[in-house]
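A quick write-up on the structure given underneath.
When a residue number appears, it is its place in the shown sequence, counting from 1.
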Amino acid sequence: MLLYAQCATLRSRGLLALSAGYVFTGAMAVVHGLTFPGLFAPEGLLGAGAQTTAWLYMFWHAGFPALTIVYALLKDRSGADRLRGSPARTIAASLLGVAAAVAAVTLLATAGQDALPAIMRGNGYTPAMIGVVASVWSVSLVALAVLWRRRPHSVLDLWLMVVMAAWLFDIALAAVLNQGRFDLGFYAGRIYGLMAASFVLVTLLLQTGALYSQLTRLFAIERRQAAAEIAAAHAKLATVLDSSPLPIFSLAANGRVGSWSRAAEAVFGYGADEAMRRTLGDLSGEAVPEFAQLHETVMAGEAVRDRQLRWRHRDGHVLDIVVSGAPISDSGWRIGAVYVAEDVTLKRKVERQMAQSQKMDAIGQLTGGIAHDFNNLLGVVIGNLDLMREGFGDPRQGHEDAEQLSADALNAAMRGAELVRRLLAVSRRQALQPRSLEAGATLRELEPLLKRTLGEHIVIETRVGDGIWPVLADPSELESAVLNLSINARDAMPDGGVVTLACANATLDPAAASVAGVGAGDYVALTVSDTGSGIAPDVLPRVFEPFFTTKESKGNGLGLSMVYGFARQSGGAVTIYSEVGRGTDVRIYLPRAGAPAASREVDVKADALAAKNAERILVIEDKEDVRKLAVVMLESLGYRTAAADNAESALALLDRGAPFDLVFTDIVMPGGMTGVDLAREARRRMPDVAIVFTSGFANPQAKLGHPAGFGATVLGKPYRKADLAQHVRAALDRRSAAKA
């Protein structure tokens, strides 16, 4: 069995043959004993005859040397004699083969003994015995010789040579020196064989015991050396980990801590002994859901880098950390993960402080720019109004001078309103009135205006593709954006050049949309290109900043900022590409509209929008000067008016039954009711009354609700007479159409 076990380990065909020889010898000894006359039966068992035991002895003593020869010829230190296939199946086949051989020779020596030459006559030998014994003895001698010649010799080879030598003496004593089955020579051979076998067995057992003892000592030494090497490796690894300035720790698959560096102790507050008794959830606190998901990702075999998490320190305060991790594998199995962390709490704090500082710098720059421009505008307004007031008492002041002064004051005031509108566009807070329109048609209609504005030294090319989608945008803001970009292009080409206006459909996938700064989907791209001087790379990132300008003495730095704010508030984006000496491309992405483009409105003068039937209008405004101005404008247009300074006063007029065709109300007013609330109450009393809202806030509906549910429009402050006339007349005409 030991040989078969060694055969299974080494997969050696030579050991397989030798193992079969030992099994054959043991089996033949049993069969020989069963058939021996007088041992178990007078004539022996298994149908034994006069020749059976003698022939079984010969087969027995010839089989083992023969298989030993096979072993000696097959054994190969290089492994060339290795078994193919499963060792277990090969060993099982070997045992079946031995059993078949034993059965065959037993059957031949019993039932087929008449076919064999007679080597026994009574208890004596026949002349044929000499040839048979010599042949068996020769096989053993050949086995000994082959073993001797097949070098190098293993310990097993040496003991086999001892066994073969004893085997030769056994045959000689048992067969050559005696003349009968029961004489002294016969038993002397048996006794010698027993003693030789016992000696060999005892010696082998002692040698095996000594070898096992030596092997045990070697294993113990090897274990101690391996343990020492592992301890040294662990100590070296621990030294390396503890020398790292970054926290390093490992987790088992279930999230329990496996290792914890000194940097981890310093950053997270848990000592190594304390951390090793804890799990992921005990340590990470606020980061448990995020870190648990990250740990699952790593355990699935994916390395992660620079994940930002929040982590709870042992004393309770929260840390900002960045974590990278990778799986730990053993024999193909993922048994855990190792993580490297970095405490970026202070870094994030400094970044936030820097961002706040930059934000305050930008606000300071914005405030300074506003103050500078408004001071100039207010200076014009105040100066002209002073001159007008003085002129009223001076008979030399003519009507034309007063008209010119008022026109200059009005122009400065309107420029101030335009500045506010631009600031609102920059901050994305202006009250847009988006609708579906054709961007390509807008470019074509702007071309004549741009030719007059840019000058003859600028060539304008318009390229509008076929089938351009409608876009959702404020028409006036879109025109203003294109005009701003075209003027910038002209200023970049003082000696002349080409401005190209292009319009094309653009479907952006997630990657392209990320570059543009919008969501994936359908857009229309409007591009304004020039062949001018271009923008320097260090300046390009700042061109959209408010009040940042490269035009030195001209320009307030709000043009590109307004374009950027308009595009972002419209749901689109702006990109810019420029090369010094080769020109600049600015591209506006506007979202595709779901409805067809509406026809463009035509501007009309206030006089054409006057009252038709002296309609009656209720004006609600808490600021007295603004209220008086609105009343004067409406009455100059032919409307009859009544005024109130708050919602309660207006409702009192309505409750007295005064009929009104339209309510013109501010949205944001003091008191408990807003303009939207007032409109709701007015409609409850007079269901068909028209509504027009006004407000000085950029986007009042964000807090007070959108007034579109009333079918009303919002007129932004400050407004001119023509704007007021247009909103009022449109609302009254819609009312008349609805009643009809």
Side-chain angles (χ1 to χ4, degrees), residues 17-37 44 46 48-73 97-98 100-110 112-149 159-197 200:
L18 186 62
S19 302
Y22 272 99
V23 173
F24 179 81
T25 299
M28 290 301 298
V30 172
V31 173
H32 183 267
L34 291 175
T35 60
F36 199 86
L46 303 177
Q51 308 297 321
T52 297
T53 56
W55 275 109
L56 287 176
Y57 180 87
M58 299 304 166
F59 292 145
W60 167 13
H61 283 74
F64 181 75
L67 290 173
T68 300
I69 293 172
V70 174
Y71 158 75
L73 295 175
V98 170
V102 171
V105 296
T106 302
L107 186 63
L108 180 62
T110 53
Q113 62 179 321
D114 292 340
L116 297 172
I119 56 175
M120 295 293 297
R121 185 177 293 112
N123 288 332
Y125 297 156
T126 66
M129 173 65 84
I130 297 174
V132 173
V133 169
S135 298
V136 173
W137 195 82
S138 298
V139 172
S140 300
L141 185 61
V142 170
L144 180 59
V146 173
L147 283 171
W148 177 259
R149 292 183 61 84
W159 282 112
L160 279 175
M161 284 187 276
V162 172
V163 169
M164 285 296 100
W167 201 268
L168 290 171
F169 281 105
D170 177 27
I171 297 173
L173 290 173
V176 176
L177 299 181
N178 69 304
Q179 295 296 321
R181 187 177 302 186
F182 301 109
D183 63 6
L184 181 60
F186 181 86
Y187 287 103
R190 299 300 191 278
I191 294 171
Y192 169 79
L194 178 61
M195 292 176 62
V200 171

Within the side chain of H32, is there an N or O that forms a donor-acceptor pair under 3.5 Å with the backbone of M28? no

If I compare all heavy atoms of S138 with all of A134, which pair ends up nearest, and what's the gap? OG-O, 2.6 Å

Using atom types as modelled and distance alone, determine if a side-chain donor or acceptor of T35 lies under 3.5 Å from a backbone N or O of T52. no

What pair of heavy atoms forms the shortest contact from A109 to W55, and how long is it? CB-CB, 4.3 Å

Identify the two heavy atoms, one from V136 and one from A62, that lie closest to each other, and give their separation to 0.1 Å. CG1-N, 3.9 Å

One pair to check against side-chain contact (heavy atoms from CB on, under 4.5 Å): F59 and T106. What are the steps and the verdict? CA-CA 9 Å; F59 292 145; T106 302; over 6 Å; no

For residues W137 and P65, determine if any side-chain heavy atom of one lies less than 4.5 Å from a side-chain heavy atom of the other. no

Considering all heavy atoms, the nearest M164-L147 contact: CG-CD1, 4.1 Å

Verdict with supporting geometry, I119 and Q51, side-chain contact (heavy atoms from CB on, under 4.5 Å): CA-CA 7 Å; I119 56 175; Q51 308 297 321; 3.6 Å; yes

Side chain to side chain, W60 and F64, heavy atoms closer than 4.5 Å: no

Closest approach of Y71 and A17, non-hydrogen atoms and distance? N-CB, 4.2 Å

Atom CE of M58 and atom OG1 of T53: how far apart are they, to the nearest 0.5 Å? 9.5 Å

So does A118 get a backbone contact from the side chain of T126, meaning a donor-acceptor N/O pair under 3.5 Å? yes

Atom pair CD1/OG of I69 and S140 - distance to nearest 0.5 Å: 8.0 Å

Any L18 side-chain heavy atom under 4.5 Å of L67 side chain: no

Is the number of heavy atoms from other residues, nucleotides or ligands within 6.0 Å of CG (L73) greater than 12? yes

Please identify which of these residues, L108, V31, V102, meets the side chain to side chain contact (heavy atoms under 4.5 Å, CB included) condition with L56. V31

